[in-house]
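Since this is a predicted model, take the numbers as computed values, not measurements. Residues take their numbers from the sequence shown, with the count starting at 1.
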Amino acid sequence: MSETILVGIDGTEDNRRAVDYAVNWAKKSKAALILAYVIKWSPYTFQTPEENELRHKRKEEDIQFVQERVLDPMLESLASEGIDITGVVRHGQVADSLIYFAKKHGATDIVVGRIGESGVKTLIFGSVVAKLIQLTHIPVTIVP
C-alpha cells in the first residue's frame with residue numbers, strides 16, 4: 001500500500017509551513033499528496049427563505065473562488081516538486097471534512113498547521129486540531 005498524505009490548507013502563510021513539511025515528507029517517502037481546503041459552513045446557521053433559495057449557488061461560487069484563488073495557485077507552485085499531488089475543496093465542519101477526505105482518499109496521514117481559530121469560540125467548541133486528534137484513527141501531524 002502506498003502512502004497518501006492529506007494536508008489541510010487555508011491559504012495563509014502560516015499554513016504554508018504545513019504544506020512545505022508535507023511536500024518534503026512526500027518526496028522522501030514517494031507518497032501522494034492531497035491538499036484539502038474546507039470552507040467553514042454550519043447547518044445550524046439560520047437563513048431567511050430568500051437566502052435559502054440562493055444557498056446552493058453561493059456554495060458553488062465559494063468553491064470556485066477558493067479553487068481559483070487558493071488551490072490552483074498552490075498546486076501550480078508545487079507542480080515542479082515531482083510528486084503526485086491533487087486538491088479538493090468542500091463546505092463543512094473543518095475537522096469532520098478533513099477526516100472524510102482522508103477516509104475517501106485512503107490517506108495514511110493528516111498534516112495540519114497549528115495556527116487557526118482562537119478566542120472564545122475555540123475555548124467553547126474546541127480547535128480543529130483537537131477535534132482531529134479526538135475523532136480520527138489516522139495519525140495527525142501538527143506543524144507549528
Side-chain angles (χ1 to χ4, degrees), residues 2-27 31-144:
S2 64
E3 218 177 334
T4 300
I5 303 166
L6 177 83
V7 186
I9 65 168
D10 64 9
T12 64
E13 278 302 311
D14 290 328
N15 179 248
R16 185 60 192 227
R17 286 192 303 272
V19 173
D20 292 342
Y21 176 86
V23 166
N24 288 331
W25 181 0
K27 287 165 83 171
L33 194 63
I34 301 169
L35 304 179
Y37 190 112
V38 180
I39 302 168
K40 294 178 195 170
W41 177 80
S42 172
Y44 306 110
T45 303
F46 296 102
Q47 305 280 334
T48 66
E50 295 81 18
E51 289 172 324
N52 280 334
E53 289 179 21
L54 297 173
R55 192 171 210 182
H56 179 71
K57 182 179 178 188
R58 284 190 188 143
K59 286 173 77 173
E60 293 300 318
E61 290 170 348
D62 287 348
I63 289 171
Q64 183 176 356
F65 180 83
V66 169
Q67 183 77 40
E68 292 173 358
R69 300 282 175 103
V70 178
L71 192 56
D72 287 346
M74 188 172 286
L75 289 170
E76 194 173 303
S77 74
L78 298 171
S80 64
E81 295 292 341
I83 56 175
D84 178 15
I85 184 167
T86 58
V88 291
V89 180
R90 172 186 170 143
H91 279 87
Q93 298 296 324
V94 179
D96 294 335
S97 296
L98 291 176
I99 293 167
Y100 167 81
F101 284 140
K103 288 179 180 176
K104 180 179 178 183
H105 297 282
T108 50
D109 298 277
I110 300 173
V111 175
V112 292
R114 174 181 63 82
I115 298 172
E117 289 182 347
S118 60
V120 176
K121 184 178 177 185
T122 300
L123 289 173
I124 295 170
F125 298 109
S127 70
V128 170
V129 171
K131 288 179 184 176
L132 278 173
I133 292 168
Q134 293 171 4
L135 298 175
T136 187
H137 298 289
I138 300 167
V140 177
T141 301
I142 304 156
V143 179

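- Taking CD1 from Ile39 and CG from Asp10, the interatomic distance works out to 12.0 Å, rounded to the nearest 0.5 Å.
- Applying the side chain to side chain donor-acceptor pair (under 3.5 Å) rule to pairs touching residues 60-71 yields Asp62-His91, Gln64-Glu68, Gln67-Asp72, sequence neighbours excluded.
- For the pair Leu78/Val19, a side-chain contact is recorded, criterion being any heavy-atom separation below 4.5 Å from C-beta on.
- The shortest distance between side-chain heavy atoms of Asp109 and Trp25 falls below 4.5 Å.
- Residue Lys59 qualifies as enclosed at atom NZ: its count of foreign heavy atoms under 6.0 Å is above 12.
- Across every non-hydrogen atom of Leu71 and Gly87, the tightest pair is CD2-C, 3.5 Å.
- Qualifying side-chain contact (heavy atoms from CB on, under 4.5 Å) partners for Val70, counting only residues two or more places apart in sequence or in other chains: Ile9, Tyr37, Val66.
- For the side-chain contact (heavy atoms from CB on, under 4.5 Å) test, residues two or more places apart in sequence or in another chain that qualify with Ala36 are Leu6, Val88, Leu98, Phe101.
- Although no hydrogens or angles enter the test, the distance criterion places a donor-acceptor pair under 3.5 Å between the side chain of Thr108 and the main chain of Thr4.
- Considering every non-hydrogen atom in both Val128 and Ala95, the closest pair reads O-CB, 4.0 Å.
- Arg17 contributes a side-chain N or O that, together with a main-chain N or O of Pro144, makes up a donor-acceptor pair within less than 3.5 Å.
- Just one residue in the list Val89, Thr86, Val23, Leu75 forms a side chain to side chain contact (heavy atoms under 4.5 Å, CB included) with Leu35, and that residue is Leu75.
- Across Gly113 and Ile142, no two heavy atoms sit closer than the pair C-CG2, 4.4 Å.
- Within the structure, every pair that satisfies the salt bridge (charged side-chain N to carboxylate O under 4.0 Å, His left out) test and touches residues 75-96, not counting sequence neighbours, is listed here: Lys27-Glu81.
- The structure places CD1 of Ile34 at 9.5 Å from NZ of Lys104, a figure rounded to the nearest 0.5 Å.
- Side-chain contact check for Ile99 versus Ile138: every heavy-atom pair is 4.5 Å or farther apart.
- Contact check for Ile5 versus Thr141: no side-chain heavy atoms found under the 4.5 Å cut-off.
- In this model, no donor atom of one side chain and acceptor atom of the other lie less than 3.5 Å apart for Thr12 and Asp14.
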